[in-house]
There are 2 protein chains.
Amino acid sequence: MAELHEVSDVSGSERVYRHLRREIIEGRYGPGERIVESRVASSLAMSRTPVREAVRRLETEGLIISTHNRGAQVRPLTESDVADLYEARARLEGFMSELAAQRAEPDDVAAIHDAADEFDRVVEEVDHGSVEGLRAILRANDRFHAALVRAGRADQVFRILATAVDMPLVFTAFKLYSHDELRRSSMFHRLIAEAVETRQPERAGRLMTEHVLQGRDAHMRRFREPEVEPASA
Amino acid sequence: MAELHEVSDVSGSERVYRHLRREIIEGRYGPGERIVESRVASSLAMSRTPVREAVRRLETEGLIISTHNRGAQVRPLTESDVADLYEARARLEGFMSELAAQRAEPDDVAAIHDAADEFDRVVEEVDHGSVEGLRAILRANDRFHAALVRAGRADQVFRILATAVDMPLVFTAFKLYSHDELRRSSMFHRLIAEAVETRQPERAGRLMTEHVLQGRDAHMRRFREPEVEPASA
DNA sequence: GAACGCAAAATTGGCTCCAATTCAGCAGGT
DNA sequence: ACCTGCTGAATTGGAGCCAATTTTGCGTTC
């Protein structure tokens, strides 16, 4: 019998992978910082084998760079690396949106609208200045993009896109977003959903491209001003 | 698209990785075929450890798919998977060409022209009906694209692109190209090089996009007409 | 005769040990 | 004082072993 949800995939290697990835993305491993297999292994009470698999995986995903006999370290990204990555993502995700507008079934359209609604709800209800709040927002955002991808029926392209999405986050070290930026994102989500529903691929693609580039600008802006002001809420 | 550097990295895991990838891309492992670690290990006279690392790596690159406790198999791709992948590649590589046209230094331009010349030479001189000939052509083609990428100064995007390039090859099972198609490719290379040299990003991008889509069409055409083999075991 | 269930074989996931390589600190020579 | 070379510690890459899970084949039952 096939499980519908892969929730039970708690293999050791998978656990280490998720742990390390989160640690890196949320900035607890700084860029360039070395990752010692034995330390990670003992900190999670496992042997080195699953750790090595996770490290290799992160390496081919690009989050980590490792040299022969010399270990692994968090890949340091330059500002222009990140900007380029965002633009690549914009093109890929624009393409995905075109596909979605061409191929979406009624169920898909409903799922996309649901996800857009959910994102909006989360943005309004959650404290986006806290780490847990930010996590919830990112989750809702992922859900929207996942719904779109599913509608586009292009899983292979999505796999590629995933690494383009994750990598810049290393650089961000889990920065926060302003309420305005989030509401703008929500608006774009709605417009994209609308374009998909009315089967206008070109517009869906253009909106998504613009949405991602807005994200890039916000991201780079935040990078230039190291200070964060969660004064509200 | 392989990495051209790292010549001295002959670690066992790397050897297995290259071996397996070639076996898959050249079709000696059929789509969906199971990959048994112990068999690969003994066939290369090594332990399972490096084999496992290679398998994991190929898995995250998307060439193979593996399920918990149930092993790995060559990822089966549908015709539409391949078409989508090509289109994604077209957008990404179009972007790369734009970057190249914006950022290329004189050395880069020279390298791109050299690679285009070399490709042309190989296409004319080599027997493109043989497996070795095809390998030589693919190598020259890689060289052109690598030169372009280097000029664009966007290594991270290139890393992503690589998986979009390799994956469809699994499906091809190492098909052959007609002389006409190859000469058309060569022409596009030259036009792209020209656009880069004269700093016309938009045209460079458009040409590259078209070039890749031509490749897609040739690829899909070949897929539909089951090919005649060049009489070799 | 087909479906079910059980047991043996095959295979994977993980652990531990070992050799090879790199890194760090210290001593000695200039 | 500074550079060089050496030795010991830390770390990685690989091998072999074992437990857990899946697969396969056969016999039993309805």
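Only a predicted model underlies this, so the values are computations on that prediction, with no experimental measurement involved. All chains are named by letter (A, B, ...) in the order of the sequence lines, taking the proteins before the strands, and each is independently numbered beginning at 1.
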Check your understanding: When rounded to the nearest 0.5 angstrom, what distance separates OH in A:Tyr177 from CD1 in A:Ile137?
Key -> 9.5 Å
Practice item. Heavy atoms only: give me the nearest A:Leu58-A:Leu20 pair and the separation to one decimal. Key: CD1-CB, 3.6 Å
Exercise for review: Ignoring backbone atoms, test whether B:Arg34 places a side-chain nitrogen or oxygen under 4.0 Å from the OP1 or OP2 oxygen of D:dT22.
Suggested key: no
Point to revise | Nearest-0.5 Å distance, CZ of residue B:Arg159 to CZ of residue A:Arg75 | key: 5.0 Å
Point to revise | Of residues 43-51 of chain A, the positions that come close to DNA chain D - non-hydrogen atoms, cut-off under 4.0 Å | key: A:Arg48
Check your understanding: Just how far, in rounded Å, is P of C:dG13 from CZ of A:Arg15?
Key -> 15 Å
Study note, to complete from the structure: Here the distance between atom P of C:dT12 and atom CD of B:Gln73, to the nearest Å, is 12 Å
Check your understanding: Does any donor-acceptor pair link the side chain of A:Arg52 with the base of C:dG14 at a separation under 3.5 Å?
Key -> no
Point to revise | Donor-acceptor under 3.5 Å (A:Thr67 side chain, A:Arg70 main chain) | key: no
Revision key, fill the gap. When rounded to whole Å, the CG to P distance for the pair B:Asn69 and C:dT12 reads 10 Å
**Study point:** Five-pair end axes of the helix from C:dG1-D:dC30 to C:dT30-D:dA1 and the angle they enclose, rounded to 10°
**Key:** 10°
Check your understanding: Counting only side-chain N and O atoms of A:Arg70, is one of them less than 4.0 Å from OP1 or OP2 of C:dC23?
Key -> yes
Point to revise | Whole-Å gap separating P (C:dT22) and CD (A:Glu37) | key: 15 Å
**Study point:** Donor-acceptor pair, side chain of B:Arg103 and main chain of B:Gly152, under 3.5 angstrom
**Key:** yes
Check your understanding: Which part of the nucleic acid, if any, lies within contact of A:Glu53, taking any heavy atom under 4.0 Å across all strands shown: a base, the sugar-phosphate backbone alone, or nothing?
Key -> nothing
Point to revise | Partner set under side-chain contact (heavy atoms from CB on, under 4.5 Å) for A:Ser80, not counting sequence neighbours | key: A:Thr78, A:Asp84
Practice item. Any chance you could measure A:Ile192, atom CD1, to A:Met96, atom CE, to the nearest 0.5 Å? Key: 12.5 Å
Review point. Phosphate oxygens OP1/OP2 of C:dT11: is one of them under 4.0 Å from a side-chain N or O of B:Arg39?
Key: yes
Revision key, fill the gap. Between the CZ atom in A:Arg135 and the CD atom in A:Glu26, the distance rounded to the nearest 0.5 Å is 4.0 Å
Practice item. Please report, rounded to the nearest Å, how far the C1' atom of C:dT12 is from the NE2 atom of B:His68. Key: 9 Å
Study note, to complete from the structure: CZ of B:Arg143 to CZ of B:Phe119, rounded to nearest 0.5 Å, is 12.0 Å
